4 protein chains.
Amino acid sequence: MALPRSGPVRSEHARRAILQATATLLAERGYDHLTIEGIAAAAGVGKQTIYRWWSSKGDIIAECLLEGMVVPGRGELPDTGDIRADLTRWLRDLADMLARDEGELLLRSLIAAAAEHVEVGRRLRDVLAGPESLSGRLERATGTVPNLPRGAPVEEIAEALIGALLLRALSRSPLQPADIDRLLRAVLG
Amino acid sequence: MALPRSGPVRSEHARRAILQATATLLAERGYDHLTIEGIAAAAGVGKQTIYRWWSSKGDIIAECLLEGMVVPGRGELPDTGDIRADLTRWLRDLADMLARDEGELLLRSLIAAAAEHVEVGRRLRDVLAGPESLSGRLERATGTVPNLPRGAPVEEIAEALIGALLLRALSRSPLQPADIDRLLRAVLG
Amino acid sequence: MALPRSGPVRSEHARRAILQATATLLAERGYDHLTIEGIAAAAGVGKQTIYRWWSSKGDIIAECLLEGMVVPGRGELPDTGDIRADLTRWLRDLADMLARDEGELLLRSLIAAAAEHVEVGRRLRDVLAGPESLSGRLERATGTVPNLPRGAPVEEIAEALIGALLLRALSRSPLQPADIDRLLRAVLG
Amino acid sequence: MALPRSGPVRSEHARRAILQATATLLAERGYDHLTIEGIAAAAGVGKQTIYRWWSSKGDIIAECLLEGMVVPGRGELPDTGDIRADLTRWLRDLADMLARDEGELLLRSLIAAAAEHVEVGRRLRDVLAGPESLSGRLERATGTVPNLPRGAPVEEIAEALIGALLLRALSRSPLQPADIDRLLRAVLG
DNA sequence: TACTAATCGAGACGGTACGTCATGTCTTGGA
DNA sequence: TCCAAGACATGACGTACCGTCTCGATTAGTA
């Protein structure tokens, strides 16, 4: 497998190396220690190659989010028909991930990036609470349980759940299983 | 018997100038453009005077939060007895504030600071959702409405509301009056 | 005429601007008021460009000496065949230069730099008393006058003359014409 | 032994501690690493006590020179009647001292101080080459040897000898015994 | 005897400069 | 035309000292 060096067309190899390095460094060092020079060095790439295609750190992170390179839990929301049980399991898995390794650091890094960069904010919301994820699952569940009738404000329910998660990450109070139960009681009655 | 402490004493004037400059610059320029040198210059103070008493930008911001110098909405949560009406009004006022001036920039700056600095995170949660603010108001309202019985998970309800607000700030989707109604329907039934 | 900007090779334009600024500031402000930041500002250059190529103020001054940018009297030692007359004229010119303008400040600055930096010390001695300057002229004169026979310790004679000059600069007692005559009598009999 | 603490009269204890600390630090760390704060700390003294009585580092060093606290060789110039032998021995002792320990660092520190501070310059010259030291000894020897007749320029001879010594210290070329012989040949014929 | 006034150790203050790190722009030479 | 490499001007970092300024304690001389 040849390693492409340069030429008149954009190097996909360089692009992926940059995104991969960004995702790795973001999880390992945190957003405030993430530097363009560090990304370039880790990716084995010249700085100019980064600036040619992206305009800022946030821009790269936004693309990482699009490619699903930073949030591992994407799309794993189960669908057994029992919406409360599914949400319980999903939130517990998320909480476990945050409690382990660099999970919380990564989430806080994404929040910091979102706070500075528009597109990261939008995509972070979409990935975590958007129609292809949480709010879509909720929409499909409307009408199956008393507390989630047709026409329920699924977008806001999703935002409330994810927002509570973020707030817990910011205040460094990990969600315990009992907290998750109470949280679901709060938004699903 | 008091032990005599020799040497000059800390300048309260310098301390307040630094906190004030930090609060002002944070709202005006945002967290990522907030620099220690900028604070020192705006406060008319030497850098060393800052480093002598605080260890980082986050440390100063945390003290600003303690002193109530950055969050304008503190304590204004009304209490008319009608919890839903009170929350509606309070959230509308907050949303108005965010929509105006540098409100959203300030909130995103606080989120960025919280993402990097432990103490900012804790205090931001306390100021916005804590027992002396939102969750306390909710606790007092338990039992007065069907959807908020005694023993309701008020902490989680508060976190869900505030979390949704933060997520909207991050995704730059200002809360409209209709959104607020739906959000309250989501958490209060 | 194009002004060279930057690139992957060292900028000769920046190098010369730095040396020139150093020589100028050294003569104008003195060694103790010479700062890297001042040099950078006067040369229109970033500090890092200085630190990339030199390790200290002394290092830059040593290079200035190599390029002949600080000691104006270099190589002007006359050679009429009459060594005593030549030395008298040369020393008088030097003394005049020191008495004028910033001459003495410059010499004291070079001494201060030499006292701290090895290479400046060596090069200062070479420029003032070395074989390509004073001691060389003396060597060529051996055998032409009774008091300077072949095998005379020309190196030490040169060092004694220049050393006396430095000591006078340090004690702020400018060499008068009569002093020069006595000094030459001391070392040439 | 009572340690005097404070009162309305100047503390001789503090004065001597400051001079001693200055002399010690000058020999140990060199002039450029000598700081007022370092002196105060080493002397166990407040900064203001230094600034109350001296105006600068050079001022303290000048007083150290007056008190004979830095130049150990003072007054040891022997007088056996044989001026050349006496000078040879004296210069060899000086050269030995410079070669040992921090001797050269101390001399270069004094030169650096002299280059910046008028009074240090004057006193350094007096201590090393002045009438109470070298030039006085030379004056008394006039008429005893053919090469040092009455009326010989003893001041200039002394300056030439000491100047050569300083220049060697600056160029880090220690005087060897053979160098000393040649130097004496240069100035005494 | 008490008071006054100068001095002491200590150290906070507004600053300047340090040497380092990262920014975003530019240029080189190779593919 | 793109790439890796890296020099450039800029600007912020956190540290070390500068010289000035209190602070409370100490103590010699005056009241």
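Quick caveat: nothing in here was measured; it's all calculated off a predicted structure.
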- Item | Contact under 4.0 Å: A/R52 side-chain N or O vs F/dC3 OP1/OP2 | yes
- Item | N/O (side chain, A/T49) to phosphate O (OP1/OP2, F/dA4) under 4.0 Å | yes
- Message: How about CZ on D/R52, more than 12 heavy atoms from neighbouring residues, nucleotides or ligands closer than 6.0 Å, or not?
- Response: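 Check passes, neighbour count above 12.
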- Check whether more than 12 heavy atoms from other residues, nucleotides or ligands sit under 6.0 Å from atom CZ of A/R29, and answer yes or no.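 No, CZ of A/R29 has 12 or fewer neighbouring heavy atoms, counting only those of other groups under 6.0 Å.
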[X] [atom1] - [N] [atom2] separation (whole Å):
{"X": "B/R15", "N": "E/dC13", "atom1": "CZ", "atom2": "C1'", "answer": "17 Å"}
{"X": "B/E116", "N": "F/dC13", "atom1": "CD", "atom2": "P", "answer": "13 Å"}
{"X": "C/D32", "N": "F/dC17", "atom1": "CG", "atom2": "P", "answer": "17 Å"}
{"X": "C/W54", "N": "F/dC8", "atom1": "CH2", "atom2": "C1'", "answer": "13 Å"}
{"X": "C/R10", "N": "E/dT27", "atom1": "CZ", "atom2": "C1'", "answer": "17 Å"}
{"X": "B/I50", "N": "F/dA12", "atom1": "CD1", "atom2": "P", "answer": "13 Å"}
{"X": "B/E12", "N": "E/dA12", "atom1": "CD", "atom2": "P", "answer": "15 Å"}

- Upstream residue (5' side of DNA chain F) when D/V9 and A/V9 are each assigned their closest nucleotide: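 Taking each residue's closest nucleotide, the earlier one in sequence belongs to A/V9.
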- Item | From F/dG6, E/dT7, F/dC2, nucleotide with atom closest to D/W53 side chain | E/dT7
What pair of heavy atoms forms the shortest contact from [X] to [Y], and how long is it?
{"X": "B/A113", "Y": "B/Y31", "value": "CB-CE1, 3.6 Å"}
{"X": "D/I50", "Y": "D/I36", "value": "CD1-O, 3.9 Å"}
{"X": "D/A14", "Y": "D/T49", "value": "CB-CG2, 4.3 Å"}
{"X": "B/W54", "Y": "B/E63", "value": "NE1-OE1, 2.9 Å"}

- Task: Please lay out, stage by stage, how B/E104 and B/R172 fare under the test side-chain contact (heavy atoms from CB on, under 4.5 Å).
- Result: CA-CA 8 Å; B/E104 199 197 87; B/R172 275 78 166 179; 3.6 Å; yes
- Task: Examine C/R10 relative to C/W53 and say whether NZ or CZ is less than 6.0 Å from the centre of the six-membered ring and inside a 45° cone about the ring axis.
- Result: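 Output yes; distance and angle both within limits.
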- Query: If the sugar-phosphate is the primed atoms plus P, OP1 and OP2 and the base is the rest, what is the B/S/- string for nucleotides 17-24 of chain E, using protein heavy atoms under 4.0 Å?
  - Reply: SBBBBSBB
- Kindly write out the residues that satisfy salt bridge (charged side-chain N to carboxylate O under 4.0 Å, His left out) with C/E102, not counting sequence neighbours, or none if the list is empty.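 Per chain and number, C/E102 pairs via salt bridge (charged side-chain N to carboxylate O under 4.0 Å, His left out) with no residue.
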- Item | Angle between terminal axes - the helix from E/dT1-F/dA31 to E/dA31-F/dT1, 5 pairs each end, rounded to 10° |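 Comparing the first five pairs with the last five, the axes sit 10° apart.
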